[in-house]
Amino acid sequence: MNDPALTIFGAWLSVGLMLAVYSFLYDDNPFFKIAEHFYIGVSVGYLIVLSFYEYLIKKFWEPLQGGHLWVLIPAVMGLLIFTRYFTKLRWLSRWTFAAVMGWTAGVAIPRTISQFLLAQVDATVKPIFTVQSTPTGTDVDFFINNLLILIGVVAVLVHFFFSVEHRGPIRVTARVGVLYLMVAFGAAFGSTTMARMSLLYGRAYALKEYSSAEYFYATPILLAGIIVGLVLWRQIERRILPTRRMS
Amino acid sequence: MNFLRQQFPLLIALVTGLVMIAQYYIAGEYSRDLGGKAADAYIIIQGIVIYLGIFSLLHSHIGKVTRLEAGWGYSIFMFLGIVLMLVAGFWSGGRLDEGTPYKWLYDNTIVPLSATLFSILAFFIASAAFRAFRARSVDATLLLTAAVIIMFCRVPWGEYLAGLISEEGGPAATRAIARWILEVPNVAATRGIILGVALGIVATSMKIIFGIERGYLGED
Amino acid sequence: MPAISQDPLLIRRLIFLLLAVIVVGTLLLPLGTPPMVVNQESQDFYDAVAALKPGDPILISFDFDPASKPELEPAARALLRQAFRRRLRVVTLGLWQTGIGLAAEAIEAEAEIARSRFPQEGENAYPQYGKDYVFLGWQPGQFALIVRLTEGIQGAFPREFRGAETERLPIWNGSNGEKVRTLGDFPLVVTISAGNPGIDEWIRYGRGKEDFPIATAVTAVTSPGRMPFYKSGQIIGLLAGMRGAAEYEYLLNRSEDPEKFGVTPPPLVAALQGMNALSASHFLIIGLVVVSNIMYFTSQRRGRR
Amino acid sequence: MNYHARRSIALSCARLSARQLARSALLCALTWGVLLGQPALADEAKAPVELTQPTGVSAGDFPYDDGSVIAVYWDRMPYDAVEGVEYRIERAATADGPFTEVMRVPAGKHFMKDVALPFWAWSKNPDRHLVQVPTPTRPAEADVPAPAADPAAADDEAAPQEEEGKPDVGTTYYFRVQPVYGEQSGPASEVVSAAARSNWLALPRLNNFVCVVVFGGILLAYLEYAKRRELFLRKIPGLVAVDEAIGRATEMGRPVLYMTGRLDMDNISTIAATIILGEVAKKTARFEVDLKVPHSYSVTMAVCREITRNAYLEAGRPDIYRDDINYYITEEQFSYAAAVNGQMLREKPGAVFYMGYYYAESLLMAEAGATTGAIQIAGTDSESQLPFFVTTCDYTLIGEELFAASAYLSRRPELVGTLRGQDLGKLIIMIGLLVGTAIVTLAPLGGYSTDWLYDILRSS
């Protein structure tokens with residue numbers, strides 16, 4: 001499989017698929033839909049193979065053969081889910097769902113309280129100022145950011161407090177909470193932009209690599225191909241299927 | 001019969017939930033064994049759920065093709081993808097080492113497709129930046145201002161330029177604003193959200209254990 | 001609004017084209033790598049790994065898929081490079097099925113580079129699979145797998161990715177006779193996290209049961225939301241997106257020392273060389289937002305008159 | 001739980017001893033060397049210290065674990081103040097030995113107060129040394145055959161993971177402690193013995209348990225209370241904007257577009273979105289505006305048809321209800337967004353609603369909606385999409401406001417009760433934050449310790 005011909009073929013395949021996806025920027029079109037469906041297909045195929053070897057063999061079949069008969073219990077429970085497809089038996093699947101949801105809920109409660117509640121409250125409870133006596137007198141250190149964080153956390157909680165009408169000081173506090181939220185959303189906004197641009201750079205880099213002579217100019221040739229394809233598709237759509245887009 | 005359909009599942013949820021809560025507060029080897037076995041059981045069930053998902057996906061696409069629904073032709077490409085991957089995967093014995101057909105197909109289909117699908121969002125952000133991101137209120141103005149500062153100060157050339165403009169402190173002074181946004185208002189607001197979400201998770205989980213929330217059981 | 005927005009599709013496609021030209025342009029121009037400033041959270045990430053002693057175990061979880069490859073793979077590579085050059089015992093696994101191929105490739109590639117650092121044969125060769133590093137592979141269950149790991153690692157993966165019995169691998173045994181049995185026995189756990197399951201699940205389901213230090217490399221999208229965990233000490237090091245990875249690469253390249261770490265391999269540049277394109281595209285977005293809002297306000301003012 | 005504490009102590013011990021040695025050497029060199037100009041005097045710092053036999057030595061199982069640690073205790077000794085002194089802890093299988101060194105810790109460190117356990121579960125004695133010695137695993141490592149290079153070779157031995165590698169609980173081990181100072185070593189203590197055992201109650205997690213009980217009690221009480229009488233909920237401003245948006249669409253004679261999110265009916269955001277759809281549908285029926293609800297899941301579509309039909313019935317306009325108000329597009333993310341975009345460009349809706357959970361497609365749709373000049377209202381708990389909704393929509397319900405809106409509209413006791421229960425939880429947190437901050441700021445002024453407060457808030 002380290003054949004150079006296969007490497008070049010692989011490059012053409014990836015470039016073709018990438019450009020088919022990018023054709024969505026022009027409009028939704030058959031090339032994009034083919035690529036999208038093909039993607040679902042290969043992902044599912046990949047998952048079947050991976051779970052067969054990693055899960056079915058290693059986690060279930062071999063322990064079973066090694067004498068761990070208890071794995072049959074969850075396996076049977078798992079199979080009960082398939083009773084969803086039979087109207088008369090579908091209630092059996094409820095047992096499995098109940099066990100799964102019960103387990104998830106039971107596991108989540110103490111761990112959420114530990115890490116999302118106690119640890120976060122612990123990190124917010126910090127001194128706002130400290131006083132230290134030095135040889136020359138007393139030194140007061142203000143930790144203004146600790147105070148700002150405390151105000152922010154409380155204000156955001158007040159904003160999401162639904163038991164009292166937002167009037168007077170509560171209204172002001174809730175408003176402060178919204179302003180904090182907006183700054184945080186701004187940070188998220190900027191970071192999301194950064195993430196998307198990184199992905200674009202990654203693809204541009206790959207397309208640049210594949211446009212070299214080493215890969216028989218996959219990118220420029222396939223780019224031209226896709227453009228021609230899109231033009232043809234537009235023509236066909238206009239002439240043969242003039243009503244489709246109106247439906 | 002009605003008990004097995006209606007109450008018994010709720011009893012299962014109650015018992016599993018309470019046992020798992022109790023397991024957290026009990027130390028020692030037996031608790032560890034129980035926790036490990038229970039998690040293994042969950043993992044085994046989840047593995048089967050994966051096959052259920054695959055099954056229902058195939059089911060719906062087979063239906064599309066046999067009934068010749070709109071866009072059935074695209075479903076063919078989905079099946080093509082599955083078959084290619086299965087052949088390559090089992091041929092390679094599930095080994096993802098360099099040089100196996102499985103890895104070759106993974107590298108040349110899944111990797112480019114999944115990366116490209118998400119990279120097109122970069123273009124939509126650019127277009128929305130020009131056409132839709134408006135400072136239409138005080139809130140949105142604050143949001144956009146923070147976003148612009150973060151975008152400018154989180155890239156190296158932005159930091160460099162900021163260093164040229166600001167006279168004292170150089171890049172450090174300008175970066176300090178971006179750092180402050182991330183470390184103070186952002187931390188406060190997200191912490192508030194996390195605390196709220198935590199209460200929500202705990203409340204939903206309690207309702208599941210005590211049988212108040214039973215939407216997951218589906219209809220009869 | 002001015003006439004320019006009369007044809008929404010045209011203006012939209014023009015912007016698409018502009019972005020493509022800018023990104024490809026910065027890629028083709030030989031600009032070199034920009035000056036880097038290292039943020040505290042990236043420095044902490046580097047320091048967290050650097051503080052480990054040779055022979056200490058480290059757990060690395062590959063919780064991403066190819067969709068976030070440009071952001072997270074450079075960080076993963078750099079982390080493996082640092083872990084191997086410090087001669088740690090590297091235990092790896094993945095929670096995202098589609099990322100397993102990337103993970104397997106990265107681990108092998110970096111192990112190979114590590115082998116070229118210290119040309120030793122036989123007993124002393126480093127790293128050896130099963131003794132110095134192992135890839136446990138993938139199991140379904142997502143967060144449940146983390147819960148399982150807190151109760152025992154070897155039972156969670158009866159066999160590692162290549163098929164050997166996990167329990168019998170020598171990698172679990174430390175030099176002082178202590179044995180790695182649960183997550184709590186690791187002096188450092190690192191997750192390369194793109195979403196769910198990822199850093200939040202490692203904190204909640206992992207740290208919620210057993211106390212262990214976590215460092216993480218996350219996508220830029222999720223990075224601001226993880227700051228409260230960094231500030232509270234629940235995360236001891238944080239790499240934010242491609243920028244964070246570039247800072248980390250910079251720190252690693254700078255600290256290469258043939259005396260300490262053997263033959264220096266070619267420097268890591270995957271994220272660093274993207275910084276120009278990232279800067280340029282950000283400037284474009286900022287420009288578009290500013291211009292469009294100026295247009296919006298002038299048109300509104302005109303409307304009011 | 002305390003594994004990290006244990007580990008960090010073990011780690012710091014190695015690091016500290018090295019650093020301390022270096023520091024003491026440096027200090028000597030500086031003070032003596034510089035002052036007297038005789039660097040050779042560095043040796044004099046190593047003046048012999050009287051290393052007496054450590055007293056009060058005892059050993060016992062370390063609590064709250066699975067038996068992986070045995071604790072060895074002894075008193076603070078006079079030479080704990082001398083830098084460079086170390087304690088050697090030795091272990092043996094019998095009282096007579098042979099003893100082998102298992103740990104070496106610097107003097108002046110590792111007291112009971114240094115263990116990260118809360119005050120209700122641990123006595124923080126500052127004058128008692130404590131070292132946590134890992135229990136050997138069973139069977140002894142030496143007995144295990146070296147792992148075969150060929151994994152298949154070990155196949156026939158069934159289930160090795162059952163017993164192997166677990167701490168050897170129940171077996172008695174013997175310990176003694178000996179002070180050392182460079183080459184000099186003091187007399188070893190008397191021999192003490194202990195066996196590790198697997199403990200039961202994780203007492204340090206009591207604070208967590210109290211939280212579960214308190215919050216569970218509050219929640220259940222409110223759920224019960226909400227069934228009996230109507231509970232107050234404040235107005236949600238976003239819902240006022242709904243009226244305005246539909247009114248605008250009516251004036252302009254344009255349709256209203258409503259999206260229920262990109263997740264199926266089993267998600268709570270989708271459920272909230274369908275409840276709000278009922279309210280919107282009532283208004284569109286009253287105003288006789290076209291309502292359009294594109295779907296990506298057939299189950300959600302079926303549920304929404306039912307909800308819409310009921311809403312039109314309630315509004316007294318069953319005559320204008322049509323099944324095709326709700327229609328199916330596709331499950332595929334981007335194809336769905338493209339189809340909705342096309343519809344927006346063609347029909348130019350007067351109002352667009354985005355309720356429920358969204359992924360990246362939200363940006364495409366919200367952009368198209370903004371450019372067609374529709375009034376847009378969003379409501380989502382999808383954190384990553386909220387910034388885009390805020391900048392492209394006229395009104396956004398943020399996170400919990402979406403659920404609150406659905407509770408406010410539906411008045412279902414289980415929704416209202418949950419919301420009020422969570423509110424009380426938030427109130428407790430807010431008071432805790434304010435009081436806690438006051439305590440940790442003011443208590444040190446009076447010389448009081450605040451460790452107990454951080455113990456109460458300890459997460460594990």
Side-chain angles (χ1 to χ4, degrees), chain A residues 1-2 10 13-14 17-18 21 25 33-34 37-42 44-46 49 51 53 55 74 78 81 91 94-95 97-99 101-103 105-110 112 116-117 120 145 148-149 152-153 156-157 160 180-187 189-190 193 196-197 199-200 203, chain B residues 5 9 12-13 16-17 20-21 24 41-42 44-45 47-48 50 52 54 74 77-78 81-82 85-86 89 94 99 104 108-110 112-113 116-119 121-123 125 139 142-143 146-147 150-151 181-182 184-192 194 196 198 201-202 205 208-209 216-217:
Chain A
M1 274 287 164
N2 285 323
L13 180 60
S14 5
L17 291 170
M18 279 192 261
V21 171
L25 293 173
K33 282 193 171 136
I34 288 172
H37 280 80
F38 187 67
Y39 173 55
I40 299 171
V42 285
V44 167
Y46 168 84
V49 177
S51 63
Y53 287 101
Y55 158 74
I81 299 179
W91 57 273
R94 292 175 147 205
W95 294 4
F97 279 113
M101 296 300 282
W103 184 87
V107 163
I109 290 172
T112 308
F116 283 12
L117 268 183
Q120 289 297 312
N145 285 345
L148 288 175
I149 288 179
V153 174
V156 168
L157 286 174
F160 291 121
Y180 267 92
L181 283 172
M182 289 306 140
V183 177
F185 289 162
F189 185 113
T193 309
R196 305 304 184 215
M197 294 305 157
L199 300 188
L200 177 60
R203 286 302 93 195
Chain B
R5 283 173 187 232
I12 293 179
T16 354
M20 288 321 295
I21 292 179
Y24 184 80
Y42 181 90
I44 290 173
I45 293 175
I48 295 175
I50 289 179
L52 183 83
I54 294 170
Y74 298 118
F77 286 95
M78 197 205 69
I82 296 183
M85 209 43 146
L86 286 185
W104 183 87
N108 293 309
T109 59
I110 291 185
L113 275 170
T116 314
L117 273 169
F118 283 86
S119 75
L121 290 165
F123 291 98
I125 285 191
D139 292 3
L142 195 58
L143 194 159
I150 293 287
M151 279 192 273
I181 289 177
L182 280 174
V184 180
N186 171 52
V187 163
T190 30
R191 192 166 277 166
I194 290 170
I201 292 171
V202 176
S205 303
I208 287 170
I209 292 177
Y216 65 88
L217 292 176

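Just the heavy atoms: all of them, side chains too, but no hydrogens, waters or symmetry mates, feed the values below. Every chain is numbered from 1, with letters handed out A, B, ... down the list of sequences.
Only the side chain of B:Ile54 comes within less than 4.5 Å of a heavy atom in chain A; its backbone stays farther off. The contact between B:Ile50 and chain A is made entirely by side chain atoms (from C-beta outward), counting heavy-atom distances below 4.5 Å. If you measure heavy-atom distances from B:Ile150 to chain A, the contacts under 4.5 Å come from the side chain alone. For A:Val153, the parts lying under 4.5 angstrom from a heavy atom of chain B are both the backbone and the side chain. Residue contact with chain B, scored on non-hydrogen atoms closer than 4.5 Å, involves the backbone and the side chain of A:Leu181 alike. If you measure heavy-atom distances from A:Leu25 to chain B, the contacts under 4.5 Å come from the side chain alone. Interface residue B:Tyr24: only side-chain heavy atoms are found under 4.5 Å from chain A. Using a 4.5 Å cut-off between heavy atoms, A:Tyr53 touches chain B through its side chain atoms alone. Heavy atoms of A:Phe38 lying under 4.5 Å from chain B belong to its backbone as well as its side chain. In this structure, chain A has heavy atoms under 4.5 Å from both the backbone and the side chain of B:Ile110. Only the side chain of A:Ala108 comes within less than 4.5 Å of a heavy atom of chain B; its backbone N, CA, C and O stay farther away.
Chosen from B:Thr190, B:Val184, B:Leu182, B:Ile209, the residue pairing most often with chain A at heavy-atom distances under 4.5 Å is B:Val184. Among B:Thr16, B:Ile12, B:Leu113, the residue with the largest count of heavy-atom pairs under 4.5 Å with chain A is B:Leu113. Chosen from B:Gly192, B:Ala122, B:Gly196, the residue pairing most often with chain A at heavy-atom distances under 4.5 Å is B:Ala122. Counting heavy-atom pairs closer than 4.5 Å to chain A, the top residue among B:Ile44, B:Ile21, B:Asn186 is B:Ile44. Across B:Val187, B:Asp139, B:Ile181, the residue that shares the most heavy-atom pairs under 4.5 angstrom with chain A is B:Asp139. Taking chain A as the reference chain and counting heavy-atom pairs below 4.5 Å, the highest number among B:Met151, B:Met20, B:Met78, B:Arg191 is found for B:Arg191.
Remark: the backbone N or O of B:Arg5 is paired with a side-chain donor or acceptor of A:Arg94 at under 3.5 angstrom.
Taken from CG in B:Leu117 to CZ in A:Arg203, the straight-line distance is 10.5 Å, to the nearest 0.5 Å. How far OH of A:Tyr55 is from CD1 of B:Ile48: 4.0 Å, rounded to the nearest 0.5 Å. To the nearest 0.5 Å, atoms OH (A:Tyr39) and OG1 (B:Thr116) are separated by 10.0 Å.
In summary, the aromatic rings of A:His37 and B:Tyr74 are positioned with their centroids under 6.0 Å apart.
In this structure, the side chains of A:Tyr180 and A:Leu148 come closer than 4.5 Å at one or more pairs of heavy atoms.
Among all heavy-atom pairs drawn from B:Asn108 and A:Ser14, the shortest one is OD1-OG, 3.3 Å. Shown here for A:Ala184 and B:Ala189, the closest heavy-atom pair between the two residues is CB-CB, 3.6 Å.
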